[in-house]
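Chain naming here is simple, since letters A, B, ... match the order of the sequence lines and numbering starts at 1 in each.
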Amino acid sequence: MAFVQSTVERLDRPSTYYDKSNKRNREEVQHREDPLKDATTLYVGNLSFYTTEEQIHELFSKCGEIKRLVMGLDRFAKTPCGFCFVEYYTHEDALDCMKYVGGTKLDERIVRTDLDPGFKEGRQYGRGKSGGQVRDEYREDYDAGRGGYGRSLQSASEMGAEYD
Amino acid sequence: MVDRGGRYEREGRESRDRGGYRAERPQHFKKRRYQDDDDRDYRQQRPRYEDPMVRLRKDVLAIAESPLIKVEDSIRSIAKSLSAHWDHEAIRKGFVTLIKTLVVEQPFKIPFVAAIVLCANAQKHEIGKLVLDEFAAQLQEYLDQCEWRNFKLTLRFMGSISCMLDGEGVAKVLTDLADLTGDLAAEGGSSGLSEELSYVILITMPYIITAAPGGITEEFLTGLIERLEGMQISAPIEPLLSPYTGPNAPYPAMNTTTLLLNALKQEATDGFKFEILARPWEPFHAELEAATKHFFPSITKPTSLEGGTIFPKLYFSVFQGAQYETVPAATSITSAILRDAIGDTIGLLDFNRIACARFLIDVDCYFAPNAFVKRATPFDKISEVPEGKSTWKPEDICVDAIFTNIFQLPQPEHKLVYYHATLTEVCKLAPQAVAPSLGRAIRYLYRNLESMDVELRYRFIDWFAHHLSNFGYTWKWTEWIVDLELSKVHPKRSFIQEALEKEIRLSFANRVKSTLPEEYSGLVPEDKEKELPDFKFEVDDIAFPEEGKQLLNLIRQKAPNEEVDTLMNAITEAANNKGLPDPSKYARDMYMTCICHIGAKSLSHVLSCIERCKDKLTQLGQESNQAQRQIVGTVMRYWHEQPGIGANVIDKLLNYSILTPLSVIEWVILDAGRDALPRGHAWEMVNTTTRKVVSRTRNLAAARSVPDLPEDQMTMVEQGHDVAKAEQAELFRVVMESLGKYADGTVPPPEGTTEDDAVWLKWWAASWLRALKRQSDIEEAEEAMRVSGATADGAMEEDTAAGEVAENAMDEEEA
């Protein structure tokens with residue numbers, strides 16, 4: 001049957017993040033097969049630094065058995081920095097997770113889920129200047145679950161401290 | 001929420017942005033505003049042009065959504081624009097596709113869409129004709145594919161446009177369906193399927209009668225109802241599907257199809273009123289009378305009906321027998337109609353739970369005006385509703401419908417977490433209205449824990465903890481303080497304990513503790529707050545403490561296997577010399593404890609440790625079934641304060657085939673014994689394990705029926721399936737036998753058990769037995785169906801063979 005647009009938006013579609021990261025090769029991308037077609041992995045964001053693998057497992061296994069769970073780590077400190085990859089055995093479980101778990105709370109924070117083409121070694125590390133995620137570099141709000149203020153703000157105020 | 005613009009609008013917007021002056025000087029890039037800014041900007045804007053299809057789509061999708069817009073005005077304006085643009089193919093195609101999708105995605109709106117089509121048909125009869133033809137083709141497709149829900153909704157739509165139909169209309173389809181049902185019943189075919197068909201016929205009736213009073217005679221419907229009543233056969237599995245059992249069950253088990261049938265019979269004597277349904281076409285009565293009528297296209301009966309096992313659906317409610325009737329009585333036709341429509345909305349919109357929640361909150365927009373009390377009317381204000389007015393709370397009706405899904409046996413349509421998430425969204429959208437309803441629902445379920453099926457009890461715990469985790473763990477725990485005095489094996493006391501355990505798994509002990517009154521502190525002991533459990537060889541008075549620490553170091557430092565083996569052999573030797581019974585168990589317990597301790601930091605840690613020591617673990621498990629049970633025990637002993645983590649580790653060991661499913665089940669039922677039966681993790685372990693076994697057998701069975709499988713592979717699959725089937729049978733046998741002995745008292749309770757506790761322990765065993773018997777019966781029935789399906793094909797081949805032989809014989813005679 002031909003594709004029919006739903007009367008209501010679907011929650012199991014990938015965000016635009018993946019498209020954006022390929023801006024340079026967009027034309028090439030259009031010819032290639034959709035890499036998320038059979039995706040079984042999810043990127044999970046906005047976790048607290050203190051959320052454990054067991055907590056993630058407890059919530060995410062409600063959508064199906066988890067094959068692998070990779071915690072996102074600070075590149076230098078090797079401590080959790082607020083994201084992870086959850087891999088299921090089936091594509092369907094991953095879609096269900098987008099529909100039923102994305103946007104709900106874990107450890108009292110709303111978590112964000114996104115379909116992901118699959119974990120590769122190295123992706124578990126934060127890509128921010130100071131080792132964590134980029135979003136935690138310049139954050140201006142105070143977030144106790146993610147190390148307080150953004151790191152560059154923190155270091156700026158520390159630099160000023162010597163003049164006190 | 002609703003994507004009313006869709007693709008068209010988005011494309012349109014892009015092209016607008018690309019053209020004109022705005023691209024050269026975007027407003028937001030300017031540093032200052034000048035006085036003439038406003039003027040210029042408005043002048044520079046190109047005139048807005050909206051594609052008529054985009055507009056149409058937006059309007060049709062929004063139909064009846066807003067209580068502020070008179071729905072008859074919307075209907076009139078859509079119908080008008082539709083007939084004005086009907087010459088455009090894009091409009092014709094777009095509209096028909098849109099409403100075909102709308103009908104099977106947003107069933108609440110069916111009567112309103114029907115009204116649009118009726119009105120448009122009165123203006124331009126080609127519209128009615130095309131819609132009818134397209135829907136008939138679609139209906140046929142759903143029928144051939146046995147997609148019953150979509151079939152039902154498409155048929156409902158066609159029934160709702162009955163007043164533009166000539167001749168028998170939908171009645172013919174209903175008669176045909178009844179014939180099919182009759183054939184099924186006569187053949188002794190699937191009772192689930194014949195029930196489903198009866199249900200589809202019955203639930204369509206109210207919509208037809210409402211849409212075209214007189215178009216279909218009441219005698220015809222009454223006759224049909226009687227005919228279907230004669231065909232009802234109840235499924236053998238049905239007694240095991242009731243949510244409550246025992247003398248204190250809040251209500252008896254009620255089959256929803258039977259309820260609907262009886263409600264319709266009652267309605268027949270009252271003259272088929274169906275006051276709950278909306279009648280949006282009524283204001284257009286005069287116009288519709290004069291409109292062209294069309295013949296209903298013919299629908300062909302399918303030659304064969306397929307579609308797996310369909311289980312009977314049983315009534316479930318959390319608001320039965322309340323002081324005020326906030327949901328329609330179970331036996332009423334209103335209850336059946338609402339539950340059907342809301343149930344379908346929930347079932348269909350799983351791809352957007354937020355949209356689904358919005359529809360549920362707005363449910364009062366889509367039925368007869370004044371069918372419900374005002375939204376968010378508090379429960380104690382219901383008493384002030386004047387006599388003769390509705391006391392039905394829309395929030396209660398929706399909450400009830402979601403719980404009906406969560407508590408559906410054997411399984412709801414979607415994963416349970418979908419319903420959790422939808423309840424969360426409903427609460428977020430209208431907290432003032434929904435939270436009190438939810439509170440009453442929780443209390444109702446809690447009150448009836450002593451009669452609730454054990455699997456449903458676990459689902460209740462799972463939902464409750466998950467729900468609270470989304471709302472800061474706030475609950476009026478004070479009202480259950482009295483129940484803390486109850487024995488630990490009492491279902492209510494056990495519920496409290498297990499709900500807290502689940503909360504801790506989603507959060508952490510200190511956080512959960514901070515949300516509880518002082519009286520509960522005993523339920524979250526200090527030990528649960530420890531980051532790592534103790535390594536028993538360091539603290540306990542235990543055999544071979546030094547060796548334990550040595551082994552831990554060896555494994556941690558990744559010492560060569562020989563060193564580990566030497567140490568472990570020495571321990572067994574020493575135990576033997578001391579004359580200890582089962583001397584090899586010490587080293588085994590020590591090894592597994594060390595792995596738990598090394599991996600205690602996180603799931604990945606324990607996984608990588610298991611991976612590394614896989615061979616040794618496999619070897620330890622292979623010694624005997626008893627050895628595997630001991631390994632399970634060691635893990636659960638190590639994690640006794642956080643049994644959920646222990647259960648997870650066991651599950652991984654099962655995946656590595658270090659443990660067999662049977663050993664896990666035997667450990668729970670025989671080793672942990674009946675004291676473990678009230679524990680949530682115990683049920684979880686048994687449930688996950690049996691489901692794994694069952695799904696493996698099913699997969700192998702499915703692999704058998706792959707066409708054109710090479711013979712050697714077929715033999716392998718066949719053998720694999722036989723082994724799996726035997727293993728599964730053995731597993732269920734062990735479970736039932738042991739639980740049976742607990743339940744009937746053949747095995748007396750441990751000494752020192754109080755009389756009351758003994759009664760509860762028997763109760764636990766009996767309810768576990770029922771739940772597992774249900775699983776086992778379902779699997780047996782499935783397998784029987786697969787076998788009968790296979791032999792039916794085989795038999796047919798034999799028949800033809802026999803026929804050929806007979807023919808040959810006849811030929812010979814002639815010769």
Does any donor atom in the side chain of [X] or [Y] lie under 3.5 Å from an acceptor atom in the other side chain?
X: B/N655; Y: A/E65; result: yes
X: B/T101; Y: A/Q5; result: no
X: A/Q55; Y: B/S507; result: no

Quick one, B/H414 with A/Y100, criterion side-chain contact (heavy atoms from CB on, under 4.5 Å). Give me CA distance, side-chain angles, the key distance, then yes/no. CA-CA 10 Å; B/H414 299 290; A/Y100 313 147; 3.9 Å; yes

Looking at [X] and [Y], would you say the former's side chain and the latter's main chain have a donor-acceptor pair under 3.5 Å?
X: B/E105; Y: A/S6; result: no
X: B/K415; Y: A/C63; result: yes
X: B/N470; Y: A/K105; result: yes
X: A/E108; Y: B/S469; result: no

Heavy-atom distance under 4.5 Å to chain B: side chain of [X], backbone, both or neither?
X: A/L106; answer: side chain
X: A/T52; answer: neither
X: A/M71; answer: neither
X: A/V101; answer: both
X: A/L59; answer: both

Should the heavy atoms of other residues, nucleotides or ligands under 6.0 Å from NZ of A/K78 be counted, would the total exceed 12? yes

Are more than 12 heavy atoms from other residues, nucleotides or ligands located less than 6.0 Å from atom NZ of B/K428? yes

Part of [X] lying under 4.5 Å from any heavy atom of chain A:
X: B/S604; result: both
X: B/K652; result: side chain
X: B/Y419; result: neither
X: B/L416; result: neither

To the nearest 0.5 Å, tell me how far [X] [atom1] sits from [Y] [atom2].
X: B/L506; Y: A/K62; atom1: CG; atom2: NZ; result: 5.5 Å
X: A/D96; Y: B/D350; atom1: CG; atom2: CG; result: 7.0 Å
X: B/L607; Y: A/L69; atom1: CG; atom2: CG; result: 9.5 Å
X: B/L349; Y: A/L11; atom1: CG; atom2: CG; result: 10.0 Å
X: B/F351; Y: A/R10; atom1: CZ; atom2: CZ; result: 5.5 Å
X: A/E58; Y: B/L603; atom1: CD; atom2: CG; result: 11.0 Å

For A/E54 and B/S602, what are the C-alpha separation, side-chain angles and deciding distance, and is it a side-chain hydrogen bond (donor to acceptor under 3.5 Å, both in side chains)? CA-CA 7 Å; A/E54 280 70 18; B/S602 78; 5.4 Å; no

For the pair A/D107 and B/R511, find out whether any cationic side-chain nitrogen is under 4.0 Å from an anionic carboxylate oxygen. no

Do B/R353 and A/T104 come close enough that some side-chain heavy atom pair is under 4.5 Å? yes

